[in-house]
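Counting convention: from 1, in listed order, for ligands and their atoms alike.
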Amino acid sequence: MSLTVELALSERAAGRSIALRLAEVIAAKPAAVIGVATGSSPEPIYAALADLVRDGLDASQVTWFALDEYLGLPAAHPQSYRSVLERALIRPLGLDPASLHVPAGHPATADADAEAYERLIGEAQVDVQILGIGHNGHIGFNEPGTPFASTTHRAVLTSTTRKANARYFDSLDLVPRECLTQGIATIMRAGTLELIASGAEKAPAVARALRGPVSEDCPASVVNLHGSVRVTVDADAASLLSSIAS
Ligand code: F6R
């Protein structure tokens with residue numbers, strides 16, 4: 001059982017630190033399977049990975065699995081998570097878009113798509129899963145109250161999450177209301193979890209997740225039950241964790 005909290009000097013340094021660990025995983029296992037998050041938190045990881053690829057890292061055999069996708073946005077919409085990950089990860093690293101799996105975003109077939117995605121991830125076995133954390137403690141789009149036993153499923157976004165993500169859309173009304181997300185049990189099957197958080201606004205969620213109690217009210221608190229977790233935070237995100245991060 002290991003949960004390590006790493007205090008990084010900056011958001012950029014946090015990203016670089018995780019990217020270096022991913023590079024080690026890829027060097028040891030070129031066909032590694034890596035779970036990827038969207039949102040702003042993991043962007044420094046992908047930027048640092050792109051630098052490492054420029055410096056010679058070969059990530060061409062890696063398979064990537066997204067955590068989640070909005071329901072109702074066409075795949076080509078600039079804010080669909082497929083588009084976001086193609087922009088942030090696939091193109092900068094010069095990878096084949098077919099190496100990236102993202103849940104489908106079709107409301108009409110969501111339940112069948114969820115089952116198919118769960119099966120695909122189960123067959124692949126994720127080596128490392130990158131996670132951000134929502135202000136309400138969500139991981140993936142598993143909002144508070146989601147059962148720890150959940151697998152990939154259709155979910156309704158809370159108004160907190162929709163408001164937080166409205167920055168990527170022209171108005172709050174345009175933020176999708178539903179998504180397909182890996183479940184908490186799906187995430188917990190990954191070999192290692194790498195959670196990244198930065199900024200003071202994430203401090204309460206990080207503290208609740210790491211200090212406990214472990215509860216479905218704070219989905220990220222489940223990481224305490226995983227055998228291999230690394231939480232990389234900047235000083236602001238760690239500010240309510242003093243006794244843990246010191
Ligand atoms: C995104 C995801 C979410 C985000 C979380 C934090 O794929 O699954 O859990 O990681 O909402 O988002 P940011 O990083 O934008 O604050």
Spell out, as yes or no, whether a donor-acceptor pair under 3.5 Å connects the side chain of T158 to the backbone of T161. yes
Under the side-chain contact (heavy atoms from CB on, under 4.5 Å) test, residues paired with S221 that sit two or more places apart: F148, V214, C218, N224
Check whether any side-chain heavy atom of T186 lies under 4.5 Å from a side-chain heavy atom of Y117, and answer yes or no. no
Here the gap from S17 atom OG to E194 atom CD, rounded to the nearest 0.5 Å, amounts to 7.5 Å
Side-chain donor-acceptor contact under 3.5 Å, T232 with R21: yes
side-chain contact (heavy atoms from CB on, under 4.5 Å) partner of L180, chosen from H153, R154, H106: R154
Less than 3.5 Å apart, N/O on ligand 1 and N/O on the protein: could you list those pairs with the distances?
from     : atom 1 : to   : atom 2 : distance (Å)
ligand 1 : 7 (O)  : T38  : N      : 2.9
ligand 1 : 7 (O)  : T38  : OG1    : 2.6
ligand 1 : 7 (O)  : D68  : OD1    : 2.7
ligand 1 : 7 (O)  : D68  : OD2    : 3.4
ligand 1 : 8 (O)  : D68  : OD2    : 2.6
ligand 1 : 8 (O)  : G140 : O      : 3.3
ligand 1 : 9 (O)  : H138 : NE2    : 3.4
ligand 1 : 9 (O)  : G140 : N      : 3.4
ligand 1 : 9 (O)  : G140 : O      : 2.7
ligand 1 : 11 (O) : H138 : NE2    : 2.6
ligand 1 : 14 (O) : S40  : N      : 3.3
ligand 1 : 14 (O) : S41  : N      : 2.8
ligand 1 : 14 (O) : S41  : OG     : 2.4
ligand 1 : 15 (O) : S40  : N      : 2.9
ligand 1 : 15 (O) : S40  : OG     : 3.2
ligand 1 : 15 (O) : R167 : NH2    : 2.8
ligand 1 : 16 (O) : K202 : NZ     : 2.6

